[in-house]
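Report on one structure; see the data block that follows.
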Amino acid sequence: MKATQVIEYNKNNISVDLVDIDRPAIGERDVLVRVLAAGVNPLDNMISRGEVKMIVPYKLPLVAGNEFVGIVEKIGARVTKTKLNDRVFARLPLDRIGAFAEYVSVDENALALVPDYLSDIEAAAVPLTGLTIMQALDIMKAEAGKTIFISGGTGSVGAMAIPIAKAKGLRVITNGSAENKDRVLELGASQFIDYKTEDYTEILSNIDYVLDTLGGNETEKQMSILKKDGSLVSLRGMPNGAFAKRMNLPKWKQFLLGIAGRKFDKLADKYGITYDFIFVESNGRQLQEVADIFETLRIKPSIDTVYSFEDVNKALDKVANGRSRGKTVITIGTR
């Protein structure tokens with residue numbers, strides 16, 4: 001089968017190689033899925049640059065890609081929840097990625113059924129981002145009726161995070177460019193802040209939760225709007241000791257990441273809040289909940305650009321260097 005591989009880590013070159021390899025074998029609880037489309041994420045480039053070696057020490061060469069949609073073609077002897085010809089999607093387990101390929105072998109517990117109304121391209125954009133907000137809300141111990149600020153909510157993360165957070169009973173506030181205000185309010189935000197004309201730190205205070213999608217100097221600014229004992233979960237900050245412990249990393253990695261993330265822990269102490277970093281894990285049960293929310297609300301993921309499988313490196317470059325208004329997706333197979 002055709003697949004794309006990271007041959008060597010390279011901080012300056014994020015390209016992958018298109019190669020021919022054997023189809024993956026399946027275990028008793030695995031399914032073989034024929035991949036139709038795959039989402040492309042900043043994480044894919046981070047892996048190619050070797051930036052996640054501390055979290056997941058991949059062995060090279062490595063088939064790239066973290067999320068996909070496809071058709072089940074073969075099931076293991078002890079598979080109980082998945083049937084042949086099911087259309088499924090998943091964020092692949094951290095130690096078994098490989099979505100940029102014609103076939104993928106995956107534990108059935110990572111899978112969820114795709115809502116019928118979603119196209120293959122739309123479905124490929126859901127797993128990683130959908131699970132991000134679900135797992136962030138879990139880390140926050142978010143309670144219905146409370147308020148969450150989702151920074152930069154006009155992007156592809158916000159397009160899914162806002163309706164999911166609202167469906168979980170939260171009041172949602174976000175910021176972004178004014179031309180996206182109506183779309184964001186339709187997604188379920190209760191309040192929109194135009195980042196060009198308004199400073200959210202002067203408008204907001206006593207917020208219960210923050211989902212930080214921006215990082216950099218914005219992380220501390222977002223801490224400042226939280227109430228005491230509030231919670232911030234960052235997609236763009238620095239892993240810390242609490243993250244390493246939650247991921248059950250070896251003690252020496254917990255120690256090193258504790259040092260690396262000390263700046264953010266100290267800032268959190270300064271504001272009397274909790275800081276967490278998230279690295280999204282595979283979870284079919286949570287993804288099925290996302291799928292059910294999507295089915296009910298008929299949410300359509302924002303798609304920016306679609307590339308052919310042969311143009312996977314253009315897709316990776318787009319994610320690394322292009323300004324996106326939604327998800328980048330590669331098409332791999334056909335139904």
Side-chain heavy-atom pair Arg236, Leu214 within 4.5 angstrom cut-off: no
Leu128 side, atom CG; Leu131 side, atom CG - distance, nearest 0.5 Å: 7.5 Å
Check: Glu198 side chain, Asp194 main-chain N or O, donor-acceptor pair, under 3.5 Å: yes
Any pair counted as side chain to side chain donor-acceptor pair (under 3.5 Å), so long as it reaches residues 246-259, sequence neighbours left out: Arg246-Asp276
Option from Ile75, Val31, Leu32 for which side chain to side chain contact (heavy atoms under 4.5 Å, CB included) with Leu84 holds: Ile75
Closest approach of Ser15 to Asn313 (non-hydrogen atoms, all atoms of both residues): CA-OD1, 3.0 Å
Side chains of Ile148 and Asp208 in contact at under 4.5 Å (non-hydrogen atoms): no
Leu43 side, atom CG; Leu235 side, atom CG - distance, nearest 0.5 Å: 11.5 Å
Minimum heavy-atom distance between Tyr275 and Ser234, given as atom pair plus value: CE1-CB, 3.9 Å
Donor-acceptor side-chain pairing of Asp212 and Gln222 below 3.5 angstrom: yes
Closest non-hydrogen atom pair between Gly130 and Met160, with its separation: N-SD, 4.2 Å
Any side-chain donor near an acceptor of the partner, Tyr271 and Glu220, under 3.5 Å: yes
Side chain to side chain donor-acceptor pair (under 3.5 Å) between Gln191 and Tyr200, worked out: CA-CA 11 Å; Gln191 184 177 349; Tyr200 63 85; over 6 Å; no
Shared hydrophobic cluster, Val56 / Phe100 (ILVMFWY, side-chain heavy atoms < 4.5 Å): yes
Pair Gln286, Asp138: side-chain N/O donor-acceptor within cut-off below 3.5 Å: yes
Pro24 side chain near Met1 side chain, heavy-atom distance below 4.5 Å: yes
Worked check of side chain to side chain donor-acceptor pair (under 3.5 Å) between Lys228 and Asn206: CA-CA 8 Å; Lys228 294 295 182 184; Asn206 290 315; over 6 Å; no
Pairing of Lys300 and Glu122 as salt bridge, 4.0 angstrom limit: yes
Heavy-atom pair of closest approach, residues Ala165 and Ile150: CB-CD1, 4.4 Å
Asn45-Ser48 side chain donor-acceptor pair, cut-off 3.5 Å: no
Backbone of Ala125 reached by a side-chain donor or acceptor of Lys327 within 3.5 Å: yes
Main-chain N/O of Gly153 paired with Thr174 side-chain donor or acceptor, under 3.5 Å: yes
Identified side chain to side chain contact (heavy atoms under 4.5 Å, CB included) counterpart of Leu211 within the set Leu232, Ile133, Leu137: Ile133
Side-chain (Thr129) to main-chain (Val126) donor-acceptor, under 3.5 angstrom: no
No-hydrogen, no-angle side-chain donor-acceptor test under 3.5 Å, Thr328 and Asp304: no
Over all atoms of both residues, closest heavy-atom pair of Val35 and Ala99: CG1-O, 3.8 Å
Geometric class of the Phe243/Phe279 ring pair [parallel <30°, tilted 30-60°, perpendicular >60°]: perpendicular
Check: Ile330 and Ser308 side chains under 4.5 Å, non-hydrogen atoms: no
Ile47 and Ile97, any side-chain heavy atoms less than 4.5 Å apart: yes
Full working for ring-ring contact (aromatic ring centres under 6.0 Å, His included) between Tyr209 and Phe149: CA-CA 6 Å; Tyr209 316 111; Phe149 176 67; over 10 Å; no
Test item: Arg91 side-chain N/O and Val280 main-chain N/O as donor-acceptor pair under 3.5 Å: yes
Minimum heavy-atom distance between Asn175 and Gly152, given as atom pair plus value: OD1-N, 2.8 Å
Residue pairs passing the salt bridge (charged side-chain N to carboxylate O under 4.0 Å, His left out) test where at least one lies in residues 158-185, sequence neighbours excluded: Lys168-Glu289
Chi angles and distances behind the salt bridge (charged side-chain N to carboxylate O under 4.0 Å, His left out) call for Asp30, Lys74: CA-CA 9 Å; Asp30 296 336; Lys74 187 177 181 181; over 6 Å; no
Donor-acceptor side-chain pairing of Arg49 and Asn10 below 3.5 angstrom: no
Heavy atoms from other residues, nucleotides or ligands near CG of Asn217 exceed 12 (cutoff 6.0 Å): no
Test: Glu73 and Arg34 ion pair at under 4.0 Å: yes
Spacing of Lys146 atom NZ and Leu170 atom CG [to the nearest 0.5 Å]: 10.0 Å
Within-4.5 Å side-chain heavy-atom neighbours: Gln5 and Val16: no
Straight-line distance of Tyr103 OH to Asp22 CG, nearest 0.5 Å: 13.0 Å
CD1 on Ile273 to CD1 on Ile225, rounded to 0.5 Å: 10.5 Å
Set of residues satisfying side chain to side chain contact (heavy atoms under 4.5 Å, CB included) with respect to Lys263, sequence neighbours excluded: Leu267
Common cluster, Leu287/Leu297, ILVMFWY with side-chain heavy-atom separation under 4.5 Å: yes
Salt-bridge criterion met for Lys83 and Asp86 (N-O under 4.0 Å): yes
Glu102 side, atom CD; Thr4 side, atom OG1 - distance, nearest 0.5 Å: 11.0 Å
Tyr117 atom OH, over 12 foreign heavy atoms within 6.0 Å: yes
is_close_aromatic(Phe68, Phe89), centroid dist under 6.0 Å: no
Between Asn41 and Glu67, a side-chain donor and acceptor under 3.5 Å: yes
Side chains of Val210 and Met223 in contact at under 4.5 Å (non-hydrogen atoms): no
Side chain Tyr58, main chain Leu94, donor-acceptor under 3.5 Å: yes
Check: Val79 main-chain N/O paired with Glu28 side-chain donor or acceptor under 3.5 Å: no
Side-chain donor-acceptor contact under 3.5 Å, Ser105 with Arg96: yes
Same cluster (ILVMFWY, side-chain, under 4.5 Å), Leu18 and Val6: yes
Same cluster (ILVMFWY, side-chain, under 4.5 Å), Val329 and Val40: no
Verify same cluster id: Ile278, Met238 (apolar side-chain graph, 4.5 Å): no
Short N-O contact, Lys318 and Asp311, less than 4.0 angstrom: no
